[in-house]
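As the structure is a computational prediction, the values presented were derived from the model and not from experiment. Atoms within a ligand are numbered from 1 in the order they appear, just like the ligands themselves. When reading the values below, keep in mind they use all heavy atoms of this one structure, side chains included, and skip hydrogens, waters and symmetry mates.
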Amino acid sequence: RDSCVSDSSDSVISSGSDSEGQVYKVVLLGEQGVGKSSLARIFGGVEDVHDCDETGNTYDRSIEVDEEEASILLYDIWEQDNSQWLKEQCMRIGDAYIIVYSVTDKSSFEKASELRIQLRRARQSENIPIILVGNKSDLVRSREVSVDEGSACAVVFDCKFIETSANLHHNVRDLFEGMVRQIRLRKDSKEE
Ligand code: GDP
Ligand code: MG
């Protein structure tokens, strides 16, 4: 179990040492099996991704983006249990959201839209950064959702879009860096 729990001991600066001492809470949403935990473990720097089957984890890490450290607390807890309470908490706690679907699973794509609507309802007046992620882009032959469908959906839902492959580690770094930039952008515009 312990092998799954990451901390920030491998980074020079640990949580809370962002320039303003702020830790950004980022929540992963999406149907089961789309790759949330795989993406989270890459973010958390967990080496042996096949070694753990955790259903609820948070990862605490600082990453450097544009020459500035950002402290992120990433929540992979959406499926930890099925309680309505947990779902509501998830919708409430995030400073930013990553909504994941699998490009090989149309229904997970439809579910992503539902989650986007739920999120909008829960946080009506807030302008929270959301990134729509089409994962498993390596599975070319079983693709059911095209890149165009993904990006069109992101336009409709006013969020960013990226395709990733957790298996190949493709675009995963871009995803988390992009997320930090989104958080900073919205934060700056709020302060003006
Ligand atoms: P979760 O239920 O959303 O947390 O999804 P998991 O991270 O547990 O992944 C579900 C399954 O999909 C696992 O067998 C992963 O190895 C596999 N998987 C996750 N990401 C990818 C990917 O980018 N490509 C491929 N081919 N398989 C993936
Ligand atoms: Mg999982």
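A heavy-atom separation below 4.0 Å is found between G33 and ligand 1.
Remark: ligand 1 and D138 share an N or O pair separated by less than 3.5 Å (distance only, no angle test). Taking only nitrogen or oxygen atoms, main chain and side chain alike, S38 reaches within less than 3.5 Å of ligand 1. For a threshold of 3.5 Å applied to N or O pairs, the pair formed by D76 and ligand 1 contains no separation below that value.
Atoms of ligand 1 lying under 4.0 Å from any heavy atom of L139, numbered from 1 in the order shown and given with element: 26 (N). Every atom of ligand 1 is numbered from 1 in the order shown, and the set under 4.0 Å from a heavy atom of S165 is 23 (O). Close approach of ligand 1 to Q32 is summarised as follows: ligand atoms under 4.0 Å from at least one heavy atom of the residue are 2 (O). Applying the 4.0 Å criterion to heavy atoms of S37 picks out, from ligand 1, the atoms 1 (P), 4 (O), 7 (O).
When only modelled atom types and interatomic distance are considered, S107 and D105 share a side-chain donor-acceptor pair under 3.5 Å.
Contact check on K106 versus E149 returns a salt bridge, with a Lys/Arg side-chain nitrogen under 4.0 Å from an Asp/Glu carboxylate oxygen. A salt bridge links E79 and K36; the closest N-O separation between the charged side-chain nitrogens and carboxylate oxygens is under 4.0 Å.
Distance check for S37 against the Mg ion (ligand 2): an N/O/S atom falls below 2.8 Å.
Residues D81 and K87 share a closest heavy-atom pair of O-NZ, 3.8 Å. Of all heavy-atom pairs between S37 and D76, the closest is OG-OD2, 2.6 Å. For the pair Y59 and G44, the tightest heavy-atom approach, listed with the atom from each and the gap, is CD2-CA, 3.6 Å.
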